[in-house]
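Just below is one structure, and these are the notes that go with it.
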Amino acid sequence: MNGVCNVQPSRFIRTTSPEHKRAVDQFWRTIESKGHIRLGKYKGWYSVVDEAFYSAHQVEPDPGNPANMRAVETGSAVEEYTEDNYMFNLNAMKGKVREWLLSSPTTVYPSVYRHQVLSFLDDADLPDLSVSRLRSSLAWGIPVPTNENHTIYVWMDALVNYLTALGYPDQLTGTLDTHVIGKDILKFHAVYWPAFLLAAGLNPPRRILVHGHWTVAGAKMSKSVGNVVDPLVEADDVGSDLLRFYLLKEARLGSDADFSHKRRDAAISELANNFGNLLSRSTGKRVNPTNTYPPLADVKLTQREQHVADVINNTQRRVQELYASGDVGLGIEEILHCLREGNKYFQEMEPWKLAKLKDDAAAQHRRLACLYTTYELLRVVSLLLCPVTPAISAACLDKLAVAPSNGSAFCQSLAFSYNKGGHALKPGAITLIQRR
RNA sequence: GGCGGCGUAGCUCAGCUGGUCAGAGCGGGGAUCUCAUAAGUCCCAGGUCGGAGGUUCGAGUCCUCCCGCCGCCA
């Protein structure tokens, strides 16, 4: 999946790796030694028919026989079940977790989820959390370091991943910055995980970024319904760049998005028409016979060019903000707006007409200014789209014959006229994006 | 049952602390340039801003109630 979608994790941790086991082991010892975890009794309900455990509020008295209990969801008979479990005292950490949440308006972003978490913490009494299972019923996890008859419950084990990545329990190589999660695992990340960290004397993450889910025709995807969209098939169909573009453009934090091929293809065509086609029409032989990126020094910029420059600079500033806050879809809308301005400008300048006035020096100056300005716009847009459509961005920059800057120079390179031009474009016509 | 949120042009949605807020994009309809991937550009949506009251000189924008969705919790 990562390979097909062109995603390279800087570090991928398996929970079976020795480093991870060492981290979990130490994490548990720390919390337990500080008195946050104690051996207790887990009380619940078990249905033999459903082969499932239920908590107290998932069961109800059987109307036919009120002495017995049944599962609310399935109506199956359940029996009480108790097991020795290690329990984490969530109540004790409630105040500190709340303090962390309130320390910044974006600890949990967007605010819908922040409110959910805060209201959850408002409950007077939070139940203790069961953080282990008997080894006899759960043999494959990491054992409780201080009691080999117990296994650390999987999600606690899994959360410690984030610390393993920072080298825990050795000197940490950084801080927990942003956890990007789906809304289904909000409570684990925004309540339990910070509680564990604070219990261990560590800092919670700077921010938890929560996204919604994809639906199909308004319905959840599920195997039984058979409406599951396979990202591998999709990537094979339109390519990973355009799949990423569509998904990132349409998804909005705080709400679900609906997947459809119609919308997907519309999004792709929109990008092809406004971005790909702008590159083609501005690098064609008729408007740019010498196939060069005009030198800034030879170009006279008028108010019209200055307006485009302002659009470019505003766009890159806005997009940086929106990417940073996690609102990638809104950032992409800004980029599309910028491209529309570019097409509008190109249309107004009519460089194809100017090109025919070979003996008119003023016309040629205007044509070069138009090309330079359009290329700058395309260059900046390519850079801004790098995280979304890396291959397409690279192809556009390649055609414009400019190399992307790295490090701190990258942000500077997002400004209009950072590139001084005066070099040849890569020869040959280009179809950047195939429209659908 | 408790608490959040949502309900704005066919679709997806912007509209922060009340007075150019009645908008954007897409789709659809019309016109037009011809450089380009038949792409681009321009014009067209008269929508009771879910409903009813209230506060105000003035309310999608604040308050109350109601209707319809959805989320979290119980």
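Quick note on labels: first sequence line is chain A, next is B, and so on, each numbered from 1. Only this structure's heavy atoms are used, side chains among them; waters, hydrogens and symmetry mates stay out.
The separation between Phe346(A) atom CZ and rC42(B) atom P is 15 Å, rounded to whole Å. Note: CD (Gln434(A)) to P (rA36(B)) measures 17 Å, nearest angstrom. Rounded to an integer number of Å, the gap from His115(A) NE2 to rC6(B) C1' is 14 Å. Distance, Arg340(A) CZ to rG25(B) P: 6 Å, rounded to whole Å. For the pair Leu278(A) CG and rG40(B) C1', the computed distance is 9 Å after rounding to whole Å. If you measure from atom NZ of Lys285(A) to atom P of rU37(B), you get 13 Å, rounded to the nearest angstrom. For the pair Arg436(A) CZ and rA39(B) C1', the computed distance is 17 Å after rounding to whole Å. Residue Arg114(A) contributes atom CZ, which lies 14 Å from atom P of rG5(B) at whole-angstrom precision.
For the C1' atom pair drawn from rG7(B) and rC13(B), the interatomic distance equals 12 Å after rounding to whole Å. Between the C1' atoms of rG46(B) and rC21(B), the separation comes to 16 Å (whole Å). Straight-line distance between the P atoms of rG60(B) and rU8(B): roughly 15 Å, to the nearest whole Å. Look at the C1' atom in both rG71(B) and rG5(B): the space between them is 7 Å, to the nearest Å. For the P atom pair drawn from rG51(B) and rA9(B), the interatomic distance equals 11 Å after rounding to whole Å. For rU61(B) and rA14(B), the C1' atoms lie 14 Å apart once the distance is rounded to whole Å. The gap from the P atom of rC67(B) to that of rA52(B) amounts to 15 Å, rounded to the nearest Å. Taking atom P on both nucleotides, rA24(B) is separated from rU32(B) by 24 Å, rounded to a whole Å.
Among the protein residues, Leu279(A) comes within range of no part of the nucleic acid, since none of its heavy atoms lies under 4.0 Å from any strand. Using a 4.0 Å heavy-atom cutoff across all strands shown, Ile433(A) reaches at least one base atom of the nucleic acid. Among the atoms of the strands shown, none is found under 4.0 Å from any heavy atom of Gly284(A).
Annotation: of the two residues near RNA chain B, Lys353(A) and Asn273(A), the 5′-most nearest-nucleotide partner is Lys353(A). Each of Arg263(A) and Leu339(A) has a nearest nucleotide on RNA chain B; the 5'-most of these lies closest to Arg263(A).
Looking at heavy atoms from C-beta onward, His150(A) lies out of side-chain contact with Val131(A) at the 4.5 angstrom threshold. Counting heavy atoms from C-beta outward, Pro204(A) and Leu198(A) have side chains that approach closer than 4.5 Å. Residues Leu385(A) and Ile392(A) are not in side-chain contact: their nearest non-hydrogen atoms beyond the backbone lie 4.5 Å or more apart. Put simply, the side chain of Lys183(A) does not reach to within 4.5 Å of the side chain of His211(A), judged on heavy atoms. Between Tyr375(A) and Asn419(A), the closest side-chain pair of non-hydrogen atoms is not below 4.5 Å. For the pair Lys420(A) and Pro295(A), the minimum side-chain heavy-atom distance is 4.5 Å or more.
Asp84(A) and Arg133(A) are not joined by a salt bridge, as no carboxylate oxygen comes within less than 4.0 angstrom of a charged side-chain nitrogen. With respect to the salt-bridge test (charged N to carboxylate O, under 4.0 angstrom), the residues Glu270(A) and Arg435(A) do not qualify. One finds no salt bridge joining Arg252(A) and Asp327(A) here, because no Lys/Arg side-chain nitrogen approaches an Asp/Glu carboxylate oxygen to under 4.0 Å.
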Atom pairs under 3.5 Å, N or O on each side, protein against nucleotides 70-74 of chain B: can you list them with distances?
| residue | atom | partner | partner atom | Å |
| --- | --- | --- | --- | --- |
| rG71(B) | O2' | Gln116(A) | NE2 | 2.7 |
| rC73(B) | OP1 | Lys187(A) | NZ | 3.2 |
| rC73(B) | O2' | Asp123(A) | OD2 | 3.4 |

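Listed candidates were rC33(B), rC42(B), rA36(B). Nearest to the side chain of Glu350(A) is rC33(B). Taking only side-chain atoms of Asn277(A), from C-beta outward, the nucleotide of rG25(B), rC35(B), rA39(B) with the closest atom is rA39(B). Ranking rU34(B), rC26(B), rA36(B) by closeness to the Trp352(A) side chain, first place goes to rU34(B). Comparing rA36(B), rU37(B), rU41(B) by their closest approach to the side chain of Gln347(A) singles out rU41(B).
Between the side chains of Gln306(A) and Asp310(A), at least one donor-acceptor pair of N or O atoms lies under 3.5 Å.
For RNA chain B, each stem of at least three Watson-Crick or G-U pairs (distances under 3.5 Å) is given as range with range: B:1-3 with B:71-73, B:5-7 with B:67-69, B:10-13 with B:23-26, B:28-32 with B:40-44, B:50-54 with B:62-66.
Checked by atom type and distance alone, the side chain of Ser282(A) never pairs as donor or acceptor with a backbone atom of Thr374(A) at under 3.5 Å.
OP1 or OP2 of rC35(B) has at least one side-chain nitrogen or oxygen of Arg286(A) nearer than 4.0 Å. Considering only side-chain N and O atoms, Lys356(A) lies under 4.0 angstrom from the phosphate OP1 or OP2 of rC35(B). Taking side-chain N and O atoms only, Lys249(A) has no distance below 4.0 Å to OP1 or OP2 of rC26(B). Note on Arg252(A): every side-chain N or O is 4.0 Å or more away from OP1 and OP2 of rC13(B).
With a glycosidic angle no further than 90° from 0, rG60(B) counts as syn. With a glycosidic angle more than 90° from 0, rG18(B) adopts the anti conformation.
At a cut-off of 3.5 angstrom, counting only N and O atoms as typed in the model, there is no donor on one side facing an acceptor on the other between the side-chain of Glu270(A) and the base of rC26(B).
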Query - Candidate pair Tyr162(A) and His189(A), rule ring pair (Phe, Tyr, Trp, His ring centres under 6.0 Å), full reasoning - result: CA-CA 11 Å; Tyr162(A) 301 125; His189(A) 281 78; 5.6 Å; yes
